[in-house]
Amino acid sequence: MALYQHQQLKIYNSLSGKKELFKPIHEGYVGLYVCGPTVYSNVHLGNVRTFMSFDVVFRYLKHLDYKVRYVRNITDAGHLENDADEGEDRIAKKARLEAIEPMEVVQRYTVDFHNILNTFNFLPPSIEPTATGHIIEQIEIIKSIMDKGLAYEVNGSVYFDVLKYNETKSYGILSKRKVEDLIHNTRQLDGQSDKKNPQDFALWKKAEPQHIMRWPSPWSDGFPGWHLECTAMSTKYLGEHFDIHGGGMDLKFPHHECEIAQAEACNDQPPVNYWMHANMLIMNGKKMAKSTGNFILPNEIFTGDNPHISKAFHPSVARFFMLQAHYRSILDFTNEGLLAAEKGFARLMEGINSLNSLNTSKTSSFDVNDWRQKCYEAMNDDFNTPILIANLFEGVKVINQIKDGSATISKDDLQIFKETFENFTFDILGLTNVSETASGADQLSGVVEILINLRKEARLNKDFALSDKIRDDLANIGVHLKDGKDGTTFTTN
RNA sequence: GGCGUCUUGGCCGAGUGGCUAGGCAAAGGUCUGCAAAACCUUGUACAGCGGUUCGAAUCCGCUAGACGCCUCCA
């Protein structure tokens with residue numbers, strides 16, 4: 001029997017504003033779409049947090065034995081510089097500034113994006129389609145929306161008619177906005193526009209002569225509007241109606257709202273059952289922004305080369321730090337937070353590493369199955385990773401108690417204990433065991449064992465000057481000895 | 001200006017109408033040759049002011065503040 005049949009997963013649905021029991025459209029299969037990055041600069045750390053949240057969603061669904069198709073696009077074309085008529089493609093603009101080909105920019109930052117995500121131990125999505133690879137599909141969707149009378153062409157550009165759409169459907173169901181309010185609150189932009197109404201959004205934009213990225217279409221040589229690609233790619237790979245659509249909170253409006261409108265206009269049904277939105281990452285209490293200097297590149301976390309942090313941090317520490325907060329909460333990225341997470345993470349790893357050397361007893365003094373179910377319940381409750389981590393620490397406490405002799409575990413229970421730790425820590429949270437993966441670990445431990453034995457002899461001879469020198473000199477190079485009941489172990493940092 | 005989310009102990013960060021989150025830091029104890037580690041113990045926390053309730057930090061209202069969206073944005 002598949003695991004999902006035993007676990008009741010609840011997901012907070014932005015559409016209803018409630019936690020709902022998750023039921024996939026086709027039993028055993030899940031279609032998951034997440035809006036990917038625009039590859040015109042280095043991936044933003046906040047972006048990383050969003051994708052990390054969905055990486056964990058992906059991992060947990062897989063762990064529950066669902067067959068998951070996870071689609072995360074690469075936006076390599078089509079996002080307008082602004083909504084006014086000079087509508088210039090961001091990627092084209094960047095290319096002109098750097099005097100290189102647009103696809104060169106795309107390539108460079110796509111590679112950067114993948115490198116960063118790999119470093120953070122992300123699972124690759126099942127499909128990672130590009131916007132430029134789906135121009136034909138996007139044109140087909142525009143045609144279909146025009147056939148329904150919900151889009152109009154002006155001067156080679158095509159716009160979605162929000163007011164017309166709103167006559168029979170409701171625009172704003174996701175972001176809880178009313179079209180009337182939108183009309184009242186729209187700012188009047190200068191030089192506006194071919195649009196009938198300011199709320200209308202572009203499905204196709206005619207390219208200006210200097211615009212490099214362009215494709216032929218029935219209306220003009222141009223490029224697709226910035227909401228369309230996700231509709232095209234999600235429909236193509238997951239169908240007209242699929243299970244989960246995710247993205248950052250800031251995409252809720254207008255991007256996801258427009259996606260819903262386009263898809264409904266085109267296919268006459270709501271495209272998505274569960275909408276999930278990950279909350280923002282701020283830094284030192286403020287929005288991260290390059291312009292104010294309140295900013296850090298993901299890579300700088302690993303190198304420590306940024307004024308906002310005091311040292312370099314391992315990717316898993318940063319990952320652990322982020323997963324200690326729930327994905328729907330705003331998270332404040334601070335040096336102090338990272339420092340605290342680093343210590344906590346080390347404690348967790350030390351606990352897990354000592355699982356292998358635990359002595360077993362006839363009986364167990366704690367209920368390992370109950371503990372395991374608590375771990376599942378945390379994840380079942382809208383992917384509550386902070387609660388899961390709290391449970392893992394409860395497990396670490398038990399490990400240490402067993403080491404101390406104040407708790408016991410049976411052989412069978414130890415097996416479950418180990419397996420559960422492995423599952424949740426590495427498979428689901430996607431953390432990596434830092435000390436285990438250190439290169440030359442075997443050789444190092446051999447050398448340290450020798451020193452531990454020398455120190456033991458010195459201590460037996462009451463030569464504490466020597467024993468302390470061994471301990472302190474090792475500590476100076478980052479090897480910390482720990483005297484326990486059953487001898488001395490060590491950790492490295 | 002409009003819409004929305006949020007405000008928890010020294011710090012980070014969960015959660016709930018009445019019962020211990022967890023991590024980091026701090027204090028005492030056990031252990032140790034001394035430490036470190038580990039274990040045990042220790043925190044009158046829920047922005048302010050009203051209201052609902054037998055009971056609210058948890059529900060409602062107001063005030064203040066933060067953050068987000070309304071314009072490319074994860």
Side-chain angles (χ1 to χ4, degrees), chain A residues 14 17 34-38 40-41 43-54 75 79-84 88-90 93 172 175-178 181-182 184-187 189 198-199 226 246-255 257 277-282 285-289 320-321 324-326 328-334 336-345 347-348 350-351 354 374 378 381 384-394 396-397 399-407 459 462-464 467-468 471-472 475 480-485 488-491:
Chain A
S14 301
V34 172
C35 292
T38 303
Y40 71 109
S41 67
V43 61
H44 184 111
L45 188 62
N47 221 157
V48 170
R49 150 123 120 141
T50 297
F51 297 140
M52 190 182 291
S53 301
F54 290 104
T75 296
H79 277 207
L80 305 184
E81 183 71 13
N82 59 46
D83 212 32
E88 184 178 18
D89 194 298
R90 287 159 72 173
K93 184 176 182 188
S175 55
K176 317 282 185 272
R177 277 161 214 248
K178 295 194 177 77
D181 295 343
L182 289 173
H184 281 275
N185 294 318
T186 304
R187 273 183 238 170
L189 294 170
Q199 313 66 237
W226 62 282
M249 200 72 108
D250 48 351
L251 292 182
K252 208 170 177 182
F253 187 89
H255 186 243
E257 203 67 74
H277 290 96
N279 217 140
M280 302 292 108
L281 182 73
I282 59 175
K286 295 220 169 67
K287 179 180 178 166
M288 256 194 224
F320 179 79
F321 168 77
Q324 264 186 310
H326 186 85
R328 280 191 291 116
S329 297
I330 293 170
L331 174 62
D332 193 6
F333 187 90
T334 61
E336 294 70 35
L338 244 18
L339 251 17
E342 187 173 50
K343 289 187 181 169
F345 177 70
R347 198 164 114 87
L348 178 61
E350 279 172 40
S354 54
K374 277 191 182 135
D381 186 14
N384 199 322
T385 54
I387 295 283
L388 170 62
I389 290 171
N391 288 148
L392 293 177
F393 276 111
E394 292 298 331
V396 168
K397 195 170 173 178
I399 292 172
N400 288 326
Q401 284 172 340
I402 296 169
K403 269 207 292 197
D404 262 28
S406 60
R459 291 174 75 203
K462 299 243 191 287
D463 185 357
F464 298 123
S467 69
D468 288 357
R471 181 180 65 195
D472 298 342
H480 301 278
L481 301 187
K482 295 175 182 186
D483 296 331
K485 274 208 163 66
T488 302
T489 56
F490 74 97
T491 58

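Residue numbering restarts at 1 for every chain, and letters A, B, ... go by the order of the sequence lines.
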Participant: Grab the two heavy atoms, one from A/G351 and one from A/V396, that are nearest each other, plus how far apart they are.
Facilitator: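 Smallest interatomic distance, heavy atoms only, reads CA-CG1, 4.3 Å.
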
Participant: Calculate the interatomic distance between A/D332 atom CG and B/rA14 atom P; express it in whole Å.
Facilitator: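 So the two atoms are 12 Å apart, to the nearest Å.
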
Participant: On a whole-Å scale, what distance lies between the C1' atoms belonging to B/rU20 and B/rG33?
Facilitator: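 B/rU20 and B/rG33 have their C1' atoms separated by 38 Å.
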
Participant: Measure the distance from CZ on A/R177 to P on B/rC69 and round it to the nearest whole Å.
Facilitator: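 In whole Å, B/rC69 P and A/R177 CZ are 10 Å from each other.
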
Participant: Please work out if A/G247 contacts a base, only the sugar-phosphate, or nothing of the nucleic acid, heavy-atom cut-off 4.0 Å.
Facilitator: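 Touches sugar-phosphate only.
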
Participant: Starting from P on B/rC73, measure out to OH on A/Y40 and report it in whole angstrom.
Facilitator: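 Value for this atom pair: 8 Å.
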
Participant: Could you pick out which residue, A/P37 or A/L481, lies toward the 5' side of RNA chain B when each is mapped onto its nearest nucleotide?
Facilitator: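 The residue whose closest nucleotide sits nearer the 5' end is A/L481.
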
Participant: Can you tell me which stems involve RNA chain B, if a stem is defined as three or more consecutive Watson-Crick or G-U wobble pairs, both distances under 3.5 Å?
Facilitator: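 Paired runs of 3+ in RNA chain B: B:1-7 with B:64-70, B:10-12 with B:22-24, B:26-30 with B:38-42, B:47-51 with B:59-63.
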
Participant: Roughly how many Å apart are B/rC24 and B/rU30, using the P atom of each and rounding to a whole number?
Facilitator: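 These two P atoms come out 23 Å apart once rounded.
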
Participant: So if I take every side-chain heavy atom of A/M280 and compare against B/rC40, B/rG33, B/rG68, which nucleotide ends up nearest?
Facilitator: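 In terms of side-chain proximity for A/M280, the closest of B/rC40, B/rG33, B/rG68 is B/rG68.
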
Participant: Should A/K482 and A/E350 count as an ion pair when the cut-off is N to O under 4.0 Å?
Facilitator: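 Here A/K482 pairs with A/E350 in a salt bridge, since their nearest N and O are under 4.0 Å apart.
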
Participant: In whole Å, what is the span from the CD1 atom of A/I330 to the P atom of B/rG4?
Facilitator: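 My rounded result for the distance is 16 Å.
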
Participant: Tell me, with the steps shown, if A/Q401 and A/S406 meet side-chain hydrogen bond (donor to acceptor under 3.5 Å, both in side chains).
Facilitator: CA-CA 5 Å; A/Q401 284 172 340; A/S406 60; 4.9 Å; no

Participant: How far, in whole Å, is B/rU53 from B/rC40 if one measures between their C1' atoms?
Facilitator: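 It comes out at 40 Å once rounded to the nearest Å.
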
Participant: Work out how far the P atom of B/rU44 is from that of B/rC39, and round it to whole angstrom.
Facilitator: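 B/rU44 and B/rC39 have their P atoms separated by 23 Å.
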
Participant: Base, sugar-phosphate or nothing for A/L45? Non-hydrogen atoms, less than 4.0 Å.
Facilitator: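 No contact at all - A/L45 keeps every heavy atom at 4.0 Å or more from the nucleic acid.
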
Participant: Between B/rG68, B/rC34, B/rA74, which nucleotide has the shortest distance from any of its atoms to the side chain of A/D483?
Facilitator: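 So the side chain of A/D483 is nearest to B/rC34.
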
Participant: Considering non-hydrogen atoms only, spot the tightest contact between A/C35 and A/L251 and give its length.
Facilitator: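 Of all heavy-atom pairs spanning A/C35 and A/L251, the closest is CB-CD1, 3.6 Å.
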
Participant: Using a 4.0 Å cut-off on protein heavy atoms (strictly under), produce a 5'-to-3' string for nucleotides 15-28 of chain B with B for base contact, S for backbone-only sugar-phosphate contact, and - for none.
Facilitator: S-----BSSSS---

Participant: Counting heavy atoms from C-beta on, name the nucleotide in B/rC67, B/rA74, B/rG13 closest to the side chain of A/A325.
Facilitator: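 Side chain of A/A325 sits closest to B/rG13.
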
Participant: Using atom NZ of A/K252 as one end and atom P of B/rG68 as the other, report the distance to the nearest whole Å.
Facilitator: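 Value for this atom pair: 15 Å.
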
Participant: Please check this pair: side chain of A/E257 against backbone of A/S175, looking for a donor-acceptor N/O pair closer than 3.5 Å.
Facilitator: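 Indeed, once roles are kept as given, a pair shorter than 3.5 Å links the two residues.
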
Participant: Establish, for the pair A/R177 and A/F253, whether the NZ or CZ atom is under 6.0 angstrom from the six-membered ring centre and no further than 45 degrees off its axis.
Facilitator: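 Satisfied, under 6.0 Å and within 45°.
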
Participant: Tell me: NZ of A/K482 to P of B/rA36, nearest whole Å?
Facilitator: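 Atom NZ in A/K482 sits about 12 Å away from atom P in B/rA36.
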
Participant: Are the aromatic ring centres of A/F321 and A/F333 under 6.0 angstrom apart?
Facilitator: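 Centroid distance A/F321-A/F333: below 6.0 Å, so yes.
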
Participant: Taking CD from A/Q401 and C1' from B/rA37, how many angstroms apart are they, rounded to a whole number?
Facilitator: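 To the nearest whole Å, that distance equals 15 Å.
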
Participant: On RNA chain B, check which nucleotide each of A/V396 and A/L331 is closest to and give me the residue with the more 5' one.
Facilitator: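 Whichever sits nearer the 5' end wins; that is A/L331.
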
Participant: By side chain to side chain donor-acceptor pair (under 3.5 Å), which residues pair with A/R459, not counting sequence neighbours?
Facilitator: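 By the side chain to side chain donor-acceptor pair (under 3.5 Å) rule, A/R459 matches no residue at all.
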
Participant: Kindly indicate whether the side chain of A/R471 and the base of B/rA35 share any N or O donor-acceptor pair separated by less than 3.5 Å?
Facilitator: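 Pair found.
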
Participant: Of all the choices, B/rC39, B/rG33, B/rA35, which nucleotide is nearest to the side chain of A/S467 once you look at every atom?
Facilitator: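 Nucleotide nearest to A/S467's side chain: B/rG33.
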
Participant: Nearest whole angstrom, please: distance from the C1' of B/rC73 to the CG of A/N279.
Facilitator: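 Rounding to the nearest Å, CG of A/N279 and C1' of B/rC73 are 14 Å apart.
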
Participant: Donor-acceptor pair, A/D332 side chain versus A/G285 backbone, under 3.5 Å?
Facilitator: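 Yes, the answer is positive, given that a donor and an acceptor are paired below the 3.5 Å cut-off.
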
Participant: Using atom C1' of each nucleotide, how far apart are B/rU71 and B/rG2 to the nearest Å?
Facilitator: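 That atom pair is separated by 15 Å.
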
Participant: Can you tell if the side chain of A/M52 reaches within under 4.5 Å of the side chain of A/T385, non-hydrogen atoms only?
Facilitator: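 A/M52 does not reach A/T385 side chain to side chain.
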
Participant: A/S329 vs A/N279, test: side-chain hydrogen bond (donor to acceptor under 3.5 Å, both in side chains). Steps then yes/no.
Facilitator: CA-CA 6 Å; A/S329 297; A/N279 217 140; over 6 Å; no

Participant: Pick the C1' atom in B/rG9 and in B/rG50, then give their distance to the nearest Å.
Facilitator: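 My reading of the C1' atoms in B/rG9 and B/rG50 gives 25 Å.
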
Participant: If we take the P atom in both B/rC62 and B/rU5, what is their distance in whole Å?
Facilitator: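 To the nearest whole Å, 13 Å.
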
Participant: Could you check whether any side-chain N or O of A/N384 sits under 3.5 Å from a backbone N or O of A/I387, counting only pairs where one atom can act as donor and the other as acceptor?
Facilitator: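 Looks like yes, one N/O pair under 3.5 Å.
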
Participant: Please report the distance separating the C1' of B/rG48 from the corresponding atom of B/rU7, rounded so that it comes out in whole Å.
Facilitator: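 Per the computed distance, 11 Å lies between those C1' atoms.
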
Participant: Pick base, sugar-phosphate or nothing for A/A278, based on heavy-atom distances below 4.0 Å to the nucleic acid.
Facilitator: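 Since no nucleic acid heavy atom lies under 4.0 Å of A/A278, the category is nothing.
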
Participant: Are the ring of A/F464 and the six-membered base ring of B/rG33 within the stacking cut-offs of under 5.5 Å and under 30°?
Facilitator: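 Ring-base stacking flag set for A/F464 and B/rG33.
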
Participant: Scan A/R49 against the nucleic acid and name what it touches under 4.0 Å (heavy atoms): base, sugar-phosphate only, or nothing.
Facilitator: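 Here A/R49 touches no strand at all.
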
